[in-house]
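Given the structure is predicted, the values throughout are model-derived calculations rather than measurements. Chain naming here is simple, since letters A, B, ... match the order of the sequence lines and numbering starts at 1 in each.
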Amino acid sequence: MDNSTRRLLQRLMRRIPTPLLKTTLEKWGRLTVAQRQSMDFTQPKWAVTEKLLAICEENEWTAKQITELEMIYIIDNPNQGMWYAFQLMDPEDDAHSVELMQFKEQFKSHLSELVRHVSVKIKKHTDEAVWIRIAWGDSLSRPNHLKPTYVVHYLQTPYVFVTSLTSKQKPLLSQALVLSTRYHAIKDANLSGRKLTAIRDLLMRQYQQAFPTKYPSPLAEKNHTVSNPRIEREQAGLIANRLQMACEAFGDGMLPQLQSAVYKLETKFKDHTNKTMTERDEPFKCVVKFASTNLLESLRHCASSGIASTPVTPLLSSIPLKGRNYFVITDNGPSPPSQMHASQN
Amino acid sequence: MERPHNSVARTPLNSVIVQRRSKSKNYRQSYRSCLGAASRFSLTPALTARRLNTSRRAPKSHNITEKVNPEHLALLLKMEWKLSYVTPLYQFRHTQLKSYSRQLSAFIAAEKQQGMAVEVEGSHSSFRVSFSVVQGMTETDDDAETVLIQIHSKPLFAGQDEPQRSVWSGWLTCINGNPDYLRSLPKDFICLPLFGSSGPEGLTALVKSWFQQNFDCCFGPLEISHTSLQWLVALWTNCHTESSIQHLKMIWTLPVVPPLQITYTVNPQDAWELWSSVRKDRQEENEGREQVEEGGSIDIEEVMRFMQGLKSHFYRHFRLDLSAGSLKQVSTALGSAKDSGRVKISNSRYMITTLTLLTECALLKMPI
């Protein structure tokens, strides 16, 4: 085992939390029962790592086996770093019949035609997802296993999710993907987040999208005496109305955990109290970023609590409806790279 | 309504305090009686006079680089400072700084050793403190000279010959302090109400406690209020034509579950145009007047109109009311400020303007 492989294993072992070590190594399936039993997971991690290094040396394992272990860990724990969504466009007639073996072969051969030194590992996960690990090198250097790109593609769908991709590698990956999936193009889906499952669910509409058209009024259940039933009724009506509007925009169930949404606004400044700015020709340029541990939940709460006026503006409800969290808003209707009207009143 | 065209330091600030102060015989007494009085008066109109200036001089660019030691200036601009207010220092002498350096070094060494089981050889020299005057960091004759404190130490595992490194720095300043208030202080007091520190909390606590013991003062956290943050937004934006602000960034949080953070970043030129549009009427009026001060002055109404403009543009798109939340942080290329009382000043030319506002905030926060 060379030094770089040794470093790779040490780095990986540092990343895997101690409670997950045992199960991850079991899933790897490379260790014999005797070897597994010889490892004491109550020991400090560095000692476990030393033991594992010794076993690897003994079996003369290389980066191949170590990257396998890394993939197993990442597939089970994908929420590390930012995931970006892409969408394949214009399928060929046979795009829907591409199956795993064919994709694997094609992808590997296309990518290695584009990059001299590249190491690709492909693994199918239980939920139909194909996981691809790419270690990039260039014409001079060998693949760098310490900074791999991970790609998740659902076969027979146009959706691709990518993490740790540099702008230099992006065109190469895009080309290899387009060719091996039998599509013509790939575009940025303007959606990103730390939780892979959340952005997948949003884009592929896999979460429970209950958008009730009629929200059951909570009035019927209220039975206690009130000082002024009319005021109470009116307020309850308003609250119920806000709740309904909030649910119409965001649904009433669990929401996919999105961390942020960004709007690039280039719209006219309109304010009847400010003539100078309203008469100005140029748009008012600003960027607004919303951030929360669960953005959609926060926005729904904004609407139901009255901090946001209802009905919820299409700008915000577009996040779940269109499955994206990056928008460019202009006054003049469709504009590249994203198309959306600023809905002005 | 009276027009604040000559505007500058018309502060209603401390008339109440001045009276109380002059009546009292010495500082200790006045401090105690004021505290008592403050709690009794807390709801009377007298104290409502104690608030931030509603009008201030438009920031002029100060060529401070000519006045201030470049090394000191570089240090002031490099760090983000945690702010506190300090009550006036009793018998602090700018001529005694050398002796203060020795005393504080010894104090820190002694305090650090308390927790140690065995005295490490030579540990008395492990911290070296230096006090220095930052010449030129004053605006009026009433302002006391700024004092800079630096603590140097050797890293724990450093070799013998390795030089000591700066581990902590702090300063005490007073820029454009309210002259009525400063003059009302008894002779033995030096007022340097704004304290900034950068470095480990433990050392900050030691420095504070040394000051408390030696100069009979007290420290308290200086949060930067919503209004002060808005003032900074306006003061900085106002500088854009002279020194680009690059961006105007404001961070709000909204009280929903889970909490929502909104970062609103405005193009510098557009921010400036909005700012001049809310200022315009005023300038036209001023043109008619003869004696307009250089740079003019900025009124709180203009600051509020500016903020309102920004908020209404936001509301028009998102139908979300930013007023429901709180402003947490503002930043431009000239500096950044957080409501928790952390400040970074990135441009020396507008440092005085920022410190003037913060000095005022510190004076207001003082419990006397």
Please flag which part of [X] lies under 4.5 Å from any non-hydrogen atom of chain B: side chain, backbone, both or neither.
{"X": "T310(A)", "answer": "backbone"}
{"X": "P311(A)", "answer": "both"}
{"X": "R300(A)", "answer": "neither"}

Does the side chain of [X] reach to within under 4.5 Å of the side chain of [Y], using non-hydrogen atoms?
{"X": "L254(B)", "Y": "S298(A)", "value": "no"}
{"X": "H301(A)", "Y": "P258(B)", "value": "no"}
{"X": "R305(B)", "Y": "T273(A)", "value": "no"}
{"X": "E282(A)", "Y": "Q269(B)", "value": "no"}
{"X": "Y315(B)", "Y": "S309(A)", "value": "yes"}

If we define contacts as heavy-atom pairs under 4.5 Å, which of L316(A), V312(A), V287(A) has the most with chain B?
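Top option by heavy-atom pairs under 4.5 Å: V287(A).
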
Out of C302(A), G306(A), S304(A), S305(A), return the one with the most heavy atom pairs under 4.5 angstrom to chain B.
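Among the listed options, the one with the most contacts to chain B is C302(A).
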
Least distance between heavy atoms, H317(B) atom then T267(A) atom:
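That closest heavy-atom pairing would be NE2-OG1, 2.8 Å.
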
Can you see which heavy atom on S277(B) is nearest to which on M277(A), and at what distance?
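Residues S277(B) and M277(A), closest heavy atoms: OG-CG, 3.4 Å.
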
In terms of heavy-atom pairs under 4.5 Å with chain A, the winner among V256(B), L322(B), L248(B) is V256(B)

Test H313(B) against F284(A) for ring-ring contact (aromatic ring centres under 6.0 Å, His included), laying out the working first.
CA-CA 9 Å; H313(B) 184 69; F284(A) 190 81; 4.8 Å; yes

More than 12 heavy atoms of other residues, nucleotides or ligands under 6.0 Å from [atom1] of [X]: is that the case?
{"X": "K249(B)", "atom1": "NZ", "result": "no"}
{"X": "W252(B)", "atom1": "CH2", "result": "yes"}
{"X": "K311(B)", "atom1": "NZ", "result": "yes"}
{"X": "K45(A)", "atom1": "NZ", "result": "yes"}
{"X": "K285(A)", "atom1": "NZ", "result": "yes"}

How long is the straight-line distance from [atom2] of [Y] back to [atom1] of [X], given to the nearest 0.5 Å?
{"X": "Y263(A)", "Y": "F318(B)", "atom1": "OH", "atom2": "CZ", "result": "6.0 Å"}
{"X": "L274(B)", "Y": "N274(A)", "atom1": "CG", "atom2": "CG", "result": "6.0 Å"}
{"X": "D321(B)", "Y": "I307(A)", "atom1": "CG", "atom2": "CD1", "result": "8.5 Å"}

Within residues 259-268 of chain B, the residues sitting under 4.5 Å from chain A by heavy atom, in sequence order, are P259(B), L260(B), Q261(B), I262(B), T263(B), Y264(B), T265(B), V266(B), N267(B)

Are R316(B) and D271(A) within salt-bridge range, i.e. N to O under 4.0 Å?
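No, no charged N to carboxylate O under 4.0 Å.
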
